[in-house]
Amino acid sequence: MAFQFNFSIEEKAGNELETLGDTALQLESAQASLNPGGSTEKSKEISSEENVVHKESLCAHEATPKTADPVANCSPDKSQVQVLPKKRDGFKVAKEHNIPEDFSKVLENKVMEAIQGLYYVNISVVEMTLSNDSHEEDIVSKSISSHSDLITGIYEGGLKIWECTFDLMDYLSEAEMQFINKTVLDLGCGAGLLGIFALKRNAKKVHFQDYNRTMIDEITLPNVVANCTDGGDDGISEPPSKKHKKADFIPALMSKCRFFSGEWAEFSQLLLSGNKPFSKYDLILTSETIYNPDYYSALHDTISKLLDENGRLYLASKAHYFGVGGGVHIFEKFIEERNVFRTRTVTVIDEGLMRYIIEMAFKISS
């Protein structure tokens with residue numbers, strides 16, 4: 001079910017959240033690849049119809065869930081991928097995004113979906129809005145004109161919700177991962193569902209990072225605001241009723257959050273040299289960020305600097321990303337050669353192209 005947030009938190013509690021019908025809006029699906037800096041009613045919500053996508057920083061196959069939101073899949077029977085030439089158009093200096101005082105402006109006219117009890121903006125509608133307006137990064141029109149879901153140094157795939165995000169959410173739920181009193185980073189967050197998952201389970205702090213500024217402002221931040229509602233005893237919001245009242249909103253949840261964009265090296269430098277207090281992360285969650293081996297050094301350095309000495313990183317990835325060469329095994333070899341972290345596979349999903357959940361921790365940790 002699609003629905004629309006168009007309310008003011010300052011208005012009377014009786015204001016209604018208008019329910020919209022399922023949206024059929026879809027932009028032309030481009031061949032693509034996926035993102036660093038980038039969930040269901042599980043896999044059954046993902047359509048079996050797939051299109052090849054490629055990333056200069058990843059290759060996957062794109063599918064569309066029944067909620068009409070693009071979710072990326074990878075299929076083992078399609079491996080021929082066009083890899084875009086490397087470009088270094090825009091060096092992404094890291095910045096922190098301010099949280100607006102008027103949350104109603106963040107959600108105004110947003111078309112929302114619900115999946116696994118979490119709210120997220122309908123990305124097709126956001127793409128249409130961004131393609132019609134003038135935006136600083138202009139990532140939608142560049143993605144369309146390049147026929148790619150990823151353009152290295154410009155756009156890193158965050159407008160998709162990739163399949164492994166759901167895998168990691170499922171694992172965290174089944175493992176009954178504890179988030180209370182934990183500081184959490186959603187690294188390469190895209191839609192931010194992993195961080196929202198932690199936030200709804202009472203994490204102490206949750207930070208969201210993505211490569212593109214547009215992603216944070218237009219998708220991640222609205223998603224987090226939409227999920228700062230009373231979700232009942234299990235901490236997960238039920239699909240919204242037609243009336244969404246002022247009393248449902250929980251500003252205290254937003255106070256736990258910070259939002260960042262920019263390259264990983266710049267992001268870690270901003271945190272460590274900033275004038276705000278910073279505690280290293282107990283948990284780092286990341287999905288489909290190891291598609292391109294060219295990014296492994298920056299990713300390794302970022303984790304080394306930001307993860308607490310007793311912290312854990314959980315990474316969801318496909319076995320291999322055709323066309324760009326990344327994947328679980330080559331990444332684990334990279335990590336082993338650096339001799340800083342130990343890794344272990346905690347889950348293998350043997351459906352289509354094999355997918356993995358990997359745990360990482362410092363070798364010196366207990």
Side-chain angles (χ1 to χ4, degrees), residues 1-9 15-23 25 38-42 45-46 65-71 99-100 102-127 129 158-162 165-166 168-170 172-173 179 184 186 189-203 206 208 210 215-254 256-257 259 285 287:
M1 169 180 289
F3 57 96
Q4 180 172 1
F5 277 101
N6 189 4
F7 67 96
S8 170
I9 293 174
N15 284 356
E16 293 189 352
L17 170 67
E18 295 296 334
T19 302
L20 299 180
D22 288 339
T23 180
L25 293 173
S39 284
T40 89
E41 295 307 348
K42 307 206 178 203
E45 290 294 333
I46 302 176
K66 296 177 181 178
T67 51
D69 191 39
V71 177
I99 299 175
D102 186 355
F103 295 114
S104 66
K105 295 298 183 183
V106 177
L107 298 176
E108 196 170 57
N109 299 319
K110 294 292 185 184
V111 177
M112 309 297 295
E113 308 283 350
I115 201 164
Q116 277 196 338
L118 300 181
Y119 306 151
Y120 65 104
V121 298
N122 183 291
I123 294 177
S124 296
V125 176
V126 172
E127 286 180 324
T129 301
L159 287 171
K160 304 290 183 182
I161 301 176
W162 301 92
T165 297
F166 298 136
L168 185 48
M169 289 173 63
D170 288 343
L172 295 172
S173 181
F179 293 96
V184 180
D186 187 345
C189 62
L193 296 185
L194 295 172
I196 293 168
F197 184 93
L199 184 66
K200 299 292 282 185
R201 283 165 170 75
N202 300 315
V206 181
F208 298 82
D210 194 82
M215 279 302 308
I216 296 295
D217 291 335
E218 299 293 334
I219 295 180
T220 314
L221 185 54
N223 285 351
V224 175
V225 170
N227 282 279
C228 286
T229 54
D230 185 3
D233 295 338
D234 62 358
I236 293 296
S237 303
E238 293 298 323
S241 61
K242 190 170 183 179
K243 292 184 178 181
H244 194 85
K245 298 181 178 181
K246 172 181 175 181
D248 292 331
F249 190 79
I250 307 175
L253 289 179
M254 284 301 297
K256 297 182 177 183
C257 301
F259 300 85
L285 309 176
S287 173

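- A distance of 4.5 Å separates CD in Glu218 from NZ in Lys110, rounded to the nearest 0.5 Å.
- Closest non-hydrogen pair, Tyr120 versus Leu193, comes out as CB-CD2, 4.2 Å.
- Judged by distance alone, the side chain of Lys200 and the main-chain N or O of Asn227 form a donor-acceptor pair under 3.5 Å.
- At least one donor-acceptor pair under 3.5 Å links the side chain of Thr220 to the backbone N or O of Gly190.
- Between Val225 and Phe103, the closest side-chain pair of non-hydrogen atoms falls below 4.5 Å.
- Nearest approach of Phe179 to Val184, heavy atoms of both residues: CD2-CG2, 4.0 Å.
- The shortest heavy-atom contact between Ala191 and Ile219 is CA-CG2, 3.8 Å.
- One distance of note links CG of Leu221 with CE of Met215; it measures 11.5 Å at 0.5 Å rounding.
- Going from atom CD of Gln116 over to atom CG of Asp170 covers 5.0 Å, rounded to the nearest 0.5 Å.
- Of all heavy-atom pairs spanning Gly195 and Asp186, the tightest one is N-OD2, 2.8 Å.
- One distance of note links CG of Leu168 with OG of Ser173; it measures 11.0 Å at 0.5 Å rounding.
- Nearest approach of Cys228 to Leu199, heavy atoms of both residues: SG-CD2, 4.3 Å.
- Leu285 and Leu194 get closest at one heavy-atom pair: CD1-O, 3.8 Å.
- Annotation: the span from Ser287 atom OG to Met169 atom CE amounts to 10.5 Å, rounded to 0.5 Å.
- Considering CG of Asn223 and CE of Met112, their distance stands at 5.0 Å, rounded to 0.5 Å.
- Proximity of Tyr119 to Pro222: side-chain heavy atoms (C-beta onward) are nowhere separated by under 4.5 Å.
- In this structure, Phe259 and Phe208 have parallel ring planes: the angle between them is below the 30° cut-off, well short of the 60° mark.
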